[in-house]
Novice: 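One structure, pasted below without further comment.
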Number of protein chains: 2
Amino acid sequence: MNDCGRCAVRESAICHSLNESELDALNALGRHQTLKRGQTMVWQGDESLLVGNVIEGVLKLSVSGADGREQTLGIMFPSDFIGRPFGPKTDHSVVALTDAQVCTFRRSAFDEFARGHPELEHSLLQRTLTELDRTRQWMLLLGRKAATARVATFLLEMSSRYATNCNDGASTAPISFDLPLSRQDIADLLGLTIETVSRQITHLREDGIIETPNRRTIVVLDSGRLQARASEV
Amino acid sequence: MNDCGRCAVRESAICHSLNESELDALNALGRHQTLKRGQTMVWQGDESLLVGNVIEGVLKLSVSGADGREQTLGIMFPSDFIGRPFGPKTDHSVVALTDAQVCTFRRSAFDEFARGHPELEHSLLQRTLTELDRTRQWMLLLGRKAATARVATFLLEMSSRYATNCNDGASTAPISFDLPLSRQDIADLLGLTIETVSRQITHLREDGIIETPNRRTIVVLDSGRLQARASEV
DNA sequence: CGTTCAATTGATACGGATCAATGCAAGTGG
DNA sequence: CCACTTGCATTGATCCGTATCAATTGAACG
């Protein structure tokens, strides 16, 4: 008996492609893990031992260069898949940005199971292809966009994931959400410094595009103009 | 009867996971296509209609932002897989950097075939995971590295793919190769301008780390120091 | 020998990094 | 309840690296 039926991401994680009995078998291999904010789940350069699904919370993938400057490679949300199956090494760290819950498997066990379940591999392939698309789009941002556009793009991306006030895009009602990232996290993600991020947010506030009631909350007042900023150079 | 048996990438492309009869079936769906240097195979924003394998030559994936500034997302070599299976859109262009030969399939036909051949999907998954790893490493370069390090990293990457004089790393013999990319291509890949790339190459030459007998040829004289430059900030 | 186009070199401007100080909110202990 | 600490965010002043603008060189080709 497994409790995947009650799992928050049952329908959206890669497991959705498994039936009840297959789910039982996979579940037997995995275990739930709770992570506290700031806790590192996988270290850069580790042997790839763990893979899993995000159930709750937000995590980041990051690498750091020789001098300690860090670059965040992606933000992972519930139902996202984490880790590097079918390969010996993980070349980035996985760190919890909020308290989080993940459903983990030993990589070897997961690999073996996946090889026997093509539907699961197909789901994983789909997800990996999408992640590759997303990552490639981020390269345009890092390679070519100015600081304003980077911050605007980031806020739009977060608002689309988080909006409590879900509009159809055409609406002009303000959208508000809480960032799970600190200013440093945002800087690491956008390839900027903390000061530059702060200044850009200030500009957006001064221009009446957003409001910042507190450090973590963002209210998007004019998503049209925010989009315009996002596509500037 | 197919001629995949004589294909240059028979053992390294994703098709390696198919047996003779499966290969016949896949081959029946595909066709060879010859591309001239500079020719665009897929346009950014196109409906995703084509996928395929690179047989010969070098191609680039690229996106361009609103203002026309271009960012190259990756360089594809023989045996690499091109295109976006299992998805409706391609959000980047594919352009031949040299004369090239590719083996293409209509996406719908390929998708259907792949769904029936788990081994093929597994190969594709492996390849996609590796490409994602590579792309993520490139993000560190674009987000955090200075111009010198970017150019040095690029030259090292190319030398590892191209070296005619294959050493075991420890050797000090010069390694020489021809770049398939123009200075503009390199700039687009590294998120720099053509002038900055040129200056960095000049510096490396003045420092005795490389030689440039002509515009396209690079001779690496001191790969140790080149590596040091690559990991600087 | 002139034309053409890519690459190089030079001079200057500007955006973001860096260094430094201040502000602000949450916790801690007296 | 209020001083004090602590950690993050903001703001300011300055510097540096790369972009930008502009001119020159050099190789390929007719």
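Naming convention: chains lettered A, B, ... in sequence-line order (proteins, then strands); numbering from 1 in each chain. FYI, side chains are in, hydrogens and waters are out, and symmetry mates aren't considered; it's all heavy atoms of this structure.
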Novice: Hey, could you give me the CD1/CZ distance between A/Ile210 and A/Arg229, rounded to the nearest 0.5 Å?
Specialist: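 If I round to the nearest 0.5 Å, the distance is 10.0 Å.
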Novice: What is the separation between atom CG on B/Leu190 and atom P on D/dA19, rounded to the nearest whole Å?
Specialist: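 Rounded to the whole Å, the gap is 10 Å.
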Novice: Using a heavy-atom cut-off of 4.0 Å across all strands, would you classify B/Arg183 as base, sugar-phosphate, or nothing?
Specialist: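 It contacts sugar-phosphate atoms only.
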Novice: Go nucleotide by nucleotide along DNA chain C from the 5' end; which of A/Leu192 and A/Arg215 gets its closest nucleotide reached first?
Specialist: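 The residue mapped nearer the 5' terminus is A/Leu192.
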Novice: Quick one: the side chain of A/Arg144 and the base of D/dT18, do they pair up donor-acceptor inside 3.5 Å?
Specialist: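 Such a pair does not exist between side chain and base.
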Novice: Taking OP1 and OP2 of D/dA19, is either one under 4.0 Å from a side-chain nitrogen or oxygen of B/Thr193?
Specialist: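 Checking B/Thr193 against D/dA19: at least one side-chain N or O falls below 4.0 Å of OP1 or OP2.
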Novice: Between A/Ile75, A/Leu190, A/Leu141, which is the residue that forms a side-chain contact (heavy atoms from CB on, under 4.5 Å) with A/Phe154?
Specialist: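 By the side-chain contact (heavy atoms from CB on, under 4.5 Å) criterion, A/Phe154 pairs with just one of A/Ile75, A/Leu190, A/Leu141: A/Leu190.
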Novice: Show your reasoning for whether side-chain hydrogen bond (donor to acceptor under 3.5 Å, both in side chains) applies to A/Arg205 and A/Thr212.
Specialist: CA-CA 7 Å; A/Arg205 179 164 18 80; A/Thr212 55; 2.8 Å; yes
Novice: What's the CG-C1' distance between A/Asp188 and C/dA17, to the nearest Å?
Specialist: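 Interatomic distance, CG of A/Asp188 to C1' of C/dA17: 14 Å.
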Novice: Using atom CZ of A/Arg69 as one end and atom P of D/dG17 as the other, report the distance to the nearest whole Å.
Specialist: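 So the two atoms are 12 Å apart, to the nearest Å.
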Novice: Would you please confirm or rule out a distance under 4.0 Å between OP1 or OP2 of C/dT8 and any side-chain N or O of B/Thr202?
Specialist: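 Checking C/dT8 against B/Thr202, no side-chain N or O comes under 4.0 Å of OP1 or OP2.
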Novice: Please state how far atom CG in A/Asn214 lies from atom C1' in C/dA26, giving the value in whole angstrom units.
Specialist: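 So the CG-C1' distance, A/Asn214 to C/dA26, works out to 13 Å.
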Novice: Counting any heavy atom closer than 4.0 Å, what does B/Ile201 reach on the DNA or RNA strands: base, sugar-phosphate only, or nothing?
Specialist: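 It contacts nothing in the nucleic acid.
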Novice: Map A/Leu181 and B/Gly191 onto DNA chain D by nearest heavy atom, then report which one ends up closer to the 5' terminus.
Specialist: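 Nearest-nucleotide comparison on DNA chain D picks A/Leu181.
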Novice: Just the rounded figure in Å: distance from P of C/dA6 to CZ of B/Arg37.
Specialist: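 After rounding, the reported distance stands at 10 Å.
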Novice: Could you state the CD-P distance from B/Glu195 to C/dT12, rounded to the nearest angstrom?
Specialist: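 Value for this atom pair: 16 Å.
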Novice: In whole Å, what is the span from the CG atom of A/Asp185 to the P atom of D/dG7?
Specialist: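 Atom-to-atom, A/Asp185 to D/dG7, this comes out as 17 Å.
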Novice: Once you apply a heavy-atom cut-off of 4.0 Å, does B/Arg216 come out as touching a base, just sugar-phosphate, or nothing?
Specialist: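 Since no nucleic acid heavy atom lies under 4.0 Å of B/Arg216, the category is nothing.
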Novice: Does B/Lys60 reach the main-chain N or O of B/Val94 with its side chain, forming a donor-acceptor pair under 3.5 Å?
Specialist: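 No; judged by distance alone, with no hydrogens or angles, the pair does not exist.
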Novice: Looking at the side chain of B/Ala146, which of D/dT11, D/dT18, C/dG16 is the nearest nucleotide?
Specialist: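 Within the option list, the nearest is D/dT18.
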Novice: In whole angstrom, give the distance that lies between atom CD1 of A/Ile194 and atom C1' of C/dA17.
Specialist: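 So the CD1-C1' distance, A/Ile194 to C/dA17, works out to 13 Å.
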Novice: With respect to the phosphate group of C/dA17, does any side-chain polar atom (N or O) of A/Thr196 fall under 4.0 Å of OP1 or OP2?
Specialist: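 Yes.
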Novice: Hydrogens and angles aside, do B/Ser182 and B/Asp185 bring a side-chain donor and acceptor to less than 3.5 Å of each other?
Specialist: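 Yes, a side-chain donor-acceptor pair sits under 3.5 Å.
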Novice: Kindly say whether, by distance alone, the side chain of B/Arg199 makes a donor-acceptor pair under 3.5 Å with the base of C/dG10?
Specialist: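 Pair found.
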